[in-house]
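Data first, discussion second: the structure below is written as structure tokens.
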Amino acid sequence: MDTREISFEDIIKSNFYPAASLAEDINIFDVEHLEPKHILNPEFSPPIRINAHAIILCKYGELSISVNYTTYRLNKGSALRLSNFHTVDNIRVNNNCEATVIVFSQNFTMSMPVIKKMIKNHKSSPEIYLKLGNDEMRTLTDFLQRIKNYLKRTDHAFHSYIVKNEASNFCMEFANITLQRANTPNKRTDKECRRDEIFRDFMQLLMNNFKEQHEVAYYANELHTTPGNLSQYVISVSGKSPIQHIGNMLVAEAKTLLRKPNATIKQVADELYFGNQSSFGKFFKKHTGMTPVEYKNKGKGEK
């Protein structure tokens with residue numbers, strides 16, 4: 001994969017999954033049909049960011065997926081929602097896993113007020129993982145089955161309309177569950193709320209500035225705290241320090257850029273604001289065990 005950005009059209013055209021789709025808007029597939037070769041190789045495949053909105057429902061077994069460098073483990077009765085805010089990698093699926101993924105194009109997403117609201121409120125309501133109750137899981141699964149059924153009825157006079165209507169109902173049901181969770185009183189202390197808020201703001205700031213800003217002090221200053229306090233907050237939430245998050249972002253972007261056939265090492269170093277090619281090479285080898293040249297050559301061999 002030569003770029004982190006994966007379009008909705010790329011998903012539709014892929015042969016990875018036996019999908020049912022309304023080509024211009026909706027793609028739905030079952031994870032149990034995944035073959036091992038289609039699992040991302042965490043040692044080499046670059047992270048991806050889909051230019052779409054997706055919801056994963058895990059019915060049985062377990063799958064794990066790294067989203068913005070935080071690993072989520074989905075098991076029976078859990079859900080994960082993804083958007084173009086999220087960088088995804090390290091996908092691992094157990095043999096007994098059964099899950100359904102529904103993917104919406106950006107056009108469909110932006111035509112749905114409820115999804116637009118979820119995206120708009122991403123910063124203030126960033127939870128992407130949900131543990132569902134039995135009734136909630138059953139309701140969402142029933143919606144997905146109806147969508148699948150209508151997707152197959154291509155001879156229906158109102159095929160496109162009825163599929164979009166069922167998909168809209170599914171989105172509203174999922175959004176309702178998400179909002180109920182967000183509005184449920186919890187026993188978190190003010191300190192815990194502050195910690196979570198700082199972490200969310202740090203990750204958002206990092207996504208927007210990681211290429212140019214490599215120092216923890218910059219992010220601490222922007223968030224009106226000290227580097228020491230920022231490190232405590234971030235580690236307590238994610239288990240990783242701010243400098244580790246910065247390094248992960250830079251490595252992921254470097255891998256993506258290095259996979260471009262015509263990209264030179266110097267161009268990548270310049271785009272990621274390293275002082276020179278040498279410092280970029282040392283950084284990359286420290287984090288991957290390979291020089292940029294070795295990684296680029298390995299990519300050529302695996303295409």
Could you grab the distance from atom CZ of Phe283 to atom NZ of Lys285, nearest 0.5 Å is fine?
15.0 Å
Are the side chains of Tyr219 and Leu230 in contact, using a 4.5 Å heavy-atom criterion?
yes
Distance from Asp30 atom CG to Cys97 atom SG, nearest 0.5 Å?
10.5 Å
Decide whether Glu173 and Asn169 meet the rule of one side-chain donor and one side-chain acceptor closer than 3.5 Å.
no
Should we say atom CG of Asn134 is surrounded by more than 12 heavy atoms from elsewhere, each under 6.0 Å from it?
no
Applying side chain to side chain contact (heavy atoms under 4.5 Å, CB included), run through Glu166 and Lys148 and close with a yes or a no.
CA-CA 10 Å; Glu166 288 293 344; Lys148 284 183 182 180; over 6 Å; no
Below 30° counts as parallel, above 60° as perpendicular, anything between as tilted: where do the rings of Tyr129 and Tyr72 land?
parallel
Heavy-atom pair of closest approach, residues Cys58 and Ala99
CA-CB, 3.8 Å
Any luck finding a side-chain donor-acceptor pair between Asn165 and Ser168 under 3.5 Å?
no
Flag side-chain contact, heavy atom, 4.5 Å: Tyr233 against Leu223:
no
Between Thr139 and Asp142, is a side-chain hydrogen bond (donor to acceptor under 3.5 Å, both in side chains) present by the stated rule, with each step listed?
CA-CA 5 Å; Thr139 298; Asp142 288 345; 5.8 Å; no
Carefully, step by step, assess Leu250 and His287 under the rule side chain to side chain contact (heavy atoms under 4.5 Å, CB included).
CA-CA 10 Å; Leu250 287 169; His287 285 81; over 6 Å; no
Can you find a pair of side-chain heavy atoms, one from Leu140 and one from Ile177, that are under 4.5 Å apart?
yes
With distance as the sole test, does Lys164 use its side chain to make a donor-acceptor pair with the main-chain N or O of Phe108 at under 3.5 Å?
no
Considering only heavy atoms from C-beta outward, does the side chain of Tyr161 approach that of His156 to under 4.5 Å?
no
Give the ring-plane orientation class for Phe199 versus Phe202, where under 30° counts as parallel, over 60° as perpendicular and anything between as tilted.
tilted
Name the orientation class of the two ring planes belonging to Phe170 and Phe143 (parallel below 30°, tilted from 30 to 60°, perpendicular beyond 60°).
perpendicular
Quick check for you: to the nearest 0.5 Å, what is the distance between Leu82 atom CG and Ile65 atom CD1?
5.0 Å
I'd like to know if the side chain of Lys266 reaches the main chain of Gln277, judged simply by a donor and an acceptor atom lying under 3.5 Å from each other, with no hydrogens or angles considered.
no
Report yes if the side chains of Glu136 and Leu130 come closer than 4.5 Å at any heavy-atom pair, otherwise no.
no
Please report the shortest heavy-atom distance between Ser64 and Arg73, naming the atom on each side.
CB-CG, 4.0 Å
For Ala217 versus Pro227, what's the shortest heavy-atom pair and its separation?
CA-CG, 4.1 Å
Rounding to 0.5 Å, atoms NE2 (His224) and CG (Asn229) come to a distance of 14.0 Å
Could you give the distance from OG (Ser105) to CG (Asn107), rounded to the nearest 0.5 Å?
5.0 Å
State, to 0.1 Å, how close Arg195 and Ser236 come at their nearest heavy-atom pair, and which atoms those are.
CD-OG, 2.8 Å
Around atom CD of Glu215, are there more than 12 heavy atoms of other residues, nucleotides or ligands at under 6.0 Å?
no
Whether Arg153 engages the ring of Tyr150 as a cation-pi pair (distance to the six-membered ring centre under 6.0 angstrom, angle to the ring normal within 45°) should be assessed.
no
So, do Asn75 and Lys131 sit near enough that their side-chain heavy atoms are less than 4.5 Å apart?
yes
Side-chain donor/acceptor of Ser238 to backbone N/O of Ile235, under 3.5 Å
no
Does Tyr273 belong to the same Ile/Leu/Val/Met/Phe/Trp/Tyr cluster as Leu205, with side-chain heavy atoms less than 4.5 Å apart forming each link?
no
Would a 4.5 Å heavy-atom cut-off, applied to side chains only, mark Phe104 and Ile26 as touching?
yes
Look at the side chain of His53 and the backbone N and O of Val103, then say whether any donor-acceptor pair between them is shorter than 3.5 Å.
no
Tyr60, Phe29: one ILVMFWY side-chain cluster at the under-4.5 Å cut-off?
no
Would Thr100 and Ile55 count as a side chain to side chain contact (heavy atoms under 4.5 Å, CB included) here? Give the steps.
CA-CA 8 Å; Thr100 299; Ile55 295 174; over 6 Å; no
Would you indicate whether the side-chain heavy atoms of Leu57 and Met137 approach each other to under 4.5 Å?
yes
Taking atom CG of Leu132 and atom NZ of Lys59, what is their separation to the nearest 0.5 Å?
12.5 Å
Is a side-chain donor or acceptor of Asn149 paired with a backbone partner of Gln145 at a separation under 3.5 angstrom?
yes
Would you say the side-chain atoms of Lys296 pair up with the backbone N or O of Thr291, donor to acceptor, closer than 3.5 Å?
no
Applying side chain to side chain contact (heavy atoms under 4.5 Å, CB included), run through Ile147 and Leu151 and close with a yes or a no.
CA-CA 6 Å; Ile147 296 170; Leu151 281 168; 3.9 Å; yes
Verify same cluster id: Val293, Leu257 (apolar side-chain graph, 4.5 Å)
yes
Classify the ring geometry between Phe274 and His214 as parallel (under 30°), tilted (30 to 60°) or perpendicular (over 60°).
tilted
